[in-house]
Amino acid sequence: MAMTLNDDQNMLRESARDFMASEAPVTHFRKFRDMGCKDGFSHGLWKQFAEMGFTGILIPEAEGGMGMGQIEAGIVLEEIGRNLSPSPFLTTSVAAVEALKLADKAMRDRWFPGILAGETVIGIAIEEGVKHRPEKIACVAERSGNGFKLTGHKQFVVQGTSSDMLIVAARTAGAVGETDGLTLFAVDKDAAGLSMEAARLVDSAMAAHVKLDGVQVNADAVIGDVDGGWAVLSKMLDAGRVGAAAEMVGVGTGAMDMTFDYLKTRKQFDRVIGEFQALQHRAAHLYGEMEGARSIVLKAQSLMDEGHAKAELYVAAAKAKAGLACNLAVREGVQMHGGIGMTDEYDIGLYMKRDRGLNEFFGDAYYHADRVATMNGY
Amino acid sequence: MAMTLNDDQNMLRESARDFMASEAPVTHFRKFRDMGCKDGFSHGLWKQFAEMGFTGILIPEAEGGMGMGQIEAGIVLEEIGRNLSPSPFLTTSVAAVEALKLADKAMRDRWFPGILAGETVIGIAIEEGVKHRPEKIACVAERSGNGFKLTGHKQFVVQGTSSDMLIVAARTAGAVGETDGLTLFAVDKDAAGLSMEAARLVDSAMAAHVKLDGVQVNADAVIGDVDGGWAVLSKMLDAGRVGAAAEMVGVGTGAMDMTFDYLKTRKQFDRVIGEFQALQHRAAHLYGEMEGARSIVLKAQSLMDEGHAKAELYVAAAKAKAGLACNLAVREGVQMHGGIGMTDEYDIGLYMKRDRGLNEFFGDAYYHADRVATMNGY
Amino acid sequence: MSELETFRAEARAWLEENCPAEMRTPAKGDEDVCWGGRNFVFQSDAQKLWLERCVAKGYTVPDWPKAYGGAGLSPQETKVLRQEMAKLGCRSPLNSFGIWMLGPALLKFGTEEQKVHYLGQIARGEIRWCQGYSEPGSGSDLVSMQTFGEDKGDHWVVNGQKIWTSYADKADWIFCLVRTDKTNKYQGISFLLFDMETPGVTTKPIKLISGNSPFCETFFDNVVVPKHQIVGELNRGWDVAKYLLGHEREMISGMGGDGGVTSIGAAMKAVLSEEPVLRAQMALFDVENLTFRAHGERFMDEWKTGKAHPAYSNLMKYVGTELNKKRNELVMSIGGTQALEWESERSNGGSKARNWLRTKANSIEGGTSEVMLNVVSKRILEMPGA
Amino acid sequence: MSELETFRAEARAWLEENCPAEMRTPAKGDEDVCWGGRNFVFQSDAQKLWLERCVAKGYTVPDWPKAYGGAGLSPQETKVLRQEMAKLGCRSPLNSFGIWMLGPALLKFGTEEQKVHYLGQIARGEIRWCQGYSEPGSGSDLVSMQTFGEDKGDHWVVNGQKIWTSYADKADWIFCLVRTDKTNKYQGISFLLFDMETPGVTTKPIKLISGNSPFCETFFDNVVVPKHQIVGELNRGWDVAKYLLGHEREMISGMGGDGGVTSIGAAMKAVLSEEPVLRAQMALFDVENLTFRAHGERFMDEWKTGKAHPAYSNLMKYVGTELNKKRNELVMSIGGTQALEWESERSNGGSKARNWLRTKANSIEGGTSEVMLNVVSKRILEMPGA
């Protein structure tokens, strides 16, 4: 595939850009933040996403979606990042949908319509410690009756308390540390024994701690194969990772553009500060980092869409690079803004907070650099 | 101890500085390099070192030396580094002397006089692989007759073929990877079964590959205790490491000063390039790095001289930091010199080569950063 | 040395007798800090008692002359006192910009009358001070300030606006740079002191990205300042300010975290052992941290003996603040998803995240990293150019 | 696609039939490279045969028009040919600054007569070219050059000195920037071609820190250059040079190592598994390397479709050369003490160390990293100022 967007993709970009800028700009985010919204996003906006077709962007056309790929999802995510638009898009329409695409028809029929309509939100319940370690999942699913009984604890379940269903990874066999023996379950939010506690994060997103206290699910709650959940999990995680990377390209680019504008207007010592060569060189370097991030993310998306064997390697590299570049963008952004960059009133600090959250999402840059090394054979 | 030099130390610095600048400046190094000298250093200069008292700087006064410490040895080493003065000072007068100070009187009496006179050179035969891994020593010393029979291979024995004696670390017990069971031996250069092959290094130093093919040594060749060589080895290595760090402070400072002078004279675009703010900021940052390196090296030296429990931690940090800072200094040095920095005619490239050699000597920055982490409990 | 050891024993005995047990536990937060001033409400009897005893002994400002409320200790004795306080875990009896910043400037530039009056109040914790330097539009470029004091014979009438005034909403008095000559950029600024209750002074807290509001915007609308409230000469306030900024930089340059060399890695071992690349970052950070501590120690030893370059504190400020930012990035990485929490009890009210965001100001306040690098390059390295 | 696949099959068949077996092994060193030219001595019959066959087929410059010695292939066909050559391990039949640099400039700026004459010679490997741009004292500041061509009616008389002329001691002709108008800094330079055997031309090799001497100083002492040997308009040589530098930057920006995405880490696993911090550096490097490859791919795709910013190659040059330097620092670290050896057989004559040192020039030649950052900042980011 050529590493440029085609006409359809460019059109999608235009429409996503216009939509986010008019319907969900940073002022929208501020509004929901300042009202202390318990969801951390607007259900009305989620409906609008549906009207735009975004919610079903990865759902096959035959099932009512747009049948597009990671590149297209990434186009929407970049605009989300640029505007800090709060929504369940990444978890529900990207990560969860990729998992559900591997589920049986009954389950897809159960959840896709609500997602398409912008009425359903799905939480991803994977993490059990403070760092991303999917192979260390300890949550247990014992055979019980017609199905399974789930016991354990999950955390960092973004929008968990706003979710209608949680995708829970649990161990049906094998030992902690093994990738075999995991199974993914669709667990209804109202299931007996399931309790959640929401925590507001630095970027004002809401994330839940989830307790599974012998939650009984039927056999039809299994997504994919029993004991073979790693395949589904990997697909879901990689979609979430490359999606987070795309969103970080948007966050970093937004922060960078804002900062470059500031450099061109702010005066100090009788000069526009953008005239200072030391800042110019840092700006040019940052631009190169962000362009690099944009490139590797596009590469990873296209390899995923092709089902290429190297997709996993590139997704890891993309998540790492987007994380490093976006983090540089927000750090340089705050520093170059000087004092006002430290104030809540200016937007640059909001980008710094969002970067932090996205960097942690499904493995940080160091985690993924380590995976790159492992996949590269050392 | 105060982190400043006292009057005696300042006097030593003056005399070392004058001596190296007049007797062994970079032109001296070039002369011996260009003649393809098989030793890589001048025996005449080594005699002059002795006349200055440098060769015995760490040898106790009672045994004819100056009875000084690592700070004083480091003062000499910094000037050696600044002038790229080639000599066996670091291996013989620093590392080997520290080991021999832990040997019995007979051995000290055998070797100290020659060192004091500038007639003896000692090689350190520790390394067995391309990276520094002292605990992985596999060279074997079997009990044999009145002593031991040594079999194995050593490499990176700096000035090995010019040496009168090699300090060889070998395993008398324990398994590869264990620190117990090592023993240090003083092996005469003419011992039967010992063969050496010299290799010129990038910095024009000569380093030997050593083959020990059943080399028979008497029991009195043991330095310190049988099986307890790790203590002697650690002392010797730490002296070598902090010494190499001090030399790198000299190399880095020499490269930096040369570069700053160049920035103040070289014109481009009708301006002296030192006026360009991007270069100014990099210069100021580099200065901070070198000053930091100077500080941690002084701290490590003084803790070693005090016999402080934290000395090992600080030596590791000092070797790492001096390596990182000196490496930055030579990289910035070549880049800021532009094209002429790439030519053999200009000195800055010689500093880059020397930095490379010193960085590898007794463990590089990454190796020592890892040790810092381990010693800090993670 | 023996004399110093005698002092050490005495100081130790005094502290053991006079420092209340409650004041020997670590301060848990802002509410445990005694800032003094007209409106300060003591959080406990112990806090009040500890301040009063220290004031009586001169230990709020141990190295100031006794005439101005200090204990007249030598630098060595002061250091010993600090060491003994640290050993017992004694809290600082009084936090004060008056002690840290204005005091040293008054000692150098103040009249005898000013010293007796203001230094005494500072030492006793009676007046809480804030600092009025920055203005909107004049961040690094301090001398471009616009706040103007019009000469009205025996007083000035000040109009203008300051920004980044720490705790201005809680302060009693301000020390403030005011333009008193519009024709001379550098030598047209005076260093004035005045009461924050003077008519025409208003403040507005600035909410930071950390969610806290330690700074204010401060507005002056025809504020009357009597002429005797100037420190130093008319139009030479820049000299006072520069002296004071140097002090501030020394202070901030010591901010590379916990003030010690303890690695934060050990406590995080469980995480780091599973994250090899992150562990490597931590290892390289520890090398930098040990380096900075040694560097600071060497700088202080050279500074005390007059061997340090006068601009060297700019370098330390740069290195120390950048290091502290890096440390907090690592704390966040190691803290992972839990460190992202902003309000939960589990995260201690988001303390890691809030501290991390707070440190981003380190390389801006008291002179940006960029200005520090300019100064090092020009004054220490003597690079050419404007 | 089917047409292209037909071409692929044909190219493959031609290569299999015509590329000698000896030319299908990797080049071991400089002596295996065919540079052509008047004085070139073929190292083997196979080398000579391979060149001749490629010349006859137009495959030394496959994408040039047939009229000028090329094969007239489309960009897609050229890419396919390269892929097939790579698959069979065919060596390049001819390395040439004429092909890489002068050729594209002549195609754009040359007269029809010049194209037929010079391009043909280049395609056939008859003339080896060198480049005369830099002068002592004008490194990044190219337009400050002093080499002057005095107008003598039908010819110029050139005096001056060039530096960093690659293989000038082995070249037959030079393409050279010469000042032809002293009153106009930018529009006073012309782009001249002349024979290195012209009386008055002398060269002196420059020994590099790598120990090799690929560059020379070149001196011109009353060198006569006929007027028809100018490329482009009089005094507009800067346009030609800039176009050509763009090409050079594209070339160098592709230099991030082996041209591929293969990690060097796997081969070094034995070392890296024992060096966790070094392994982490390698891991982070691999992230950067994969990024750069994807970035280069995207850049080329945008460049081909006219979507890339005209100054974008400056960014790629900066990123690619800095990355290549970093790669070689890692190669040296992983290679450890063996990589330090300079002459031994064990170290292949110090190849790692020499390559490492050679890469330090990447960020200097063809425009320094500093100049690249200036250009990106001003032309792409549109930062203000001179």
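Lettering of chains follows the sequences in order, A, B, ..., and the numbering in each one begins at 1. Below, each value reflects all heavy atoms present in this structure, side chains not excepted, and no hydrogens, waters or symmetry copies.
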Separation of Leu5(B) CG from Arg298(C) CZ (nearest 0.5 Å): 8.5 Å

Among Lys307(C), Glu288(C), Glu322(C), residue most engaged with chain B (heavy-atom pairs, under 4.5 Å): Glu288(C)

For Leu373(C) against His285(B), the heavy-atom pair lying closest together: CD2-N, 3.9 Å

Residue Lys108(C) excluded, over 12 heavy atoms near NZ under 6.0 Å: no

Stepwise side-chain contact (heavy atoms from CB on, under 4.5 Å) check, Glu291(B) with Phe299(C): CA-CA 10 Å; Glu291(B) 286 287 295; Phe299(C) 167 55; over 6 Å; no

Glu297(C) side chain near Ser295(B) side chain, heavy-atom distance below 4.5 Å: no

Leu279(B) portion near chain C, given a 4.5 angstrom heavy-atom threshold: neither

Close side-chain approach of Leu263(B) to Leu381(C), heavy-atom, < 4.5 Å: no

Evaluation steps, side-chain contact (heavy atoms from CB on, under 4.5 Å), between Ile334(C) and Tyr378(B): CA-CA 12 Å; Ile334(C) 300 171; Tyr378(B) 62 92; over 6 Å; no

Side-chain heavy atoms of Glu370(C) within contact of Gln277(B), under 4.5 Å: no

Nearest-0.5 Å distance, CG of residue Leu286(B) to OG of residue Ser377(C): 11.5 Å

Heavy-atom side-chain contact between Met383(C) and Phe260(B) under 4.5 Å: yes

Short side-chain to backbone donor-acceptor contact, Asp301(C) and Met3(B), under 3.5 Å: yes

Exercise: identify the closest heavy-atom pair between Ala283(C) and Ala369(B): CB-O, 3.4 Å

Segment of Leu303(B) engaging chain C (4.5 angstrom heavy-atom cut-off): neither

Short side-chain donor-acceptor distance under 3.5 Å, Gln280(B) and Asn374(C): no

Shortest non-hydrogen contact from Gly288(B) toward Leu315(C): CA-CD1, 3.6 Å

Under 4.5 Å from a heavy atom of chain C, the part of Ala293(B) involved: backbone

Reported NZ-to-OG1 distance for the pair Lys299(B) and Thr291(C), which is rounded to 0.5 angstrom: 12.0 Å

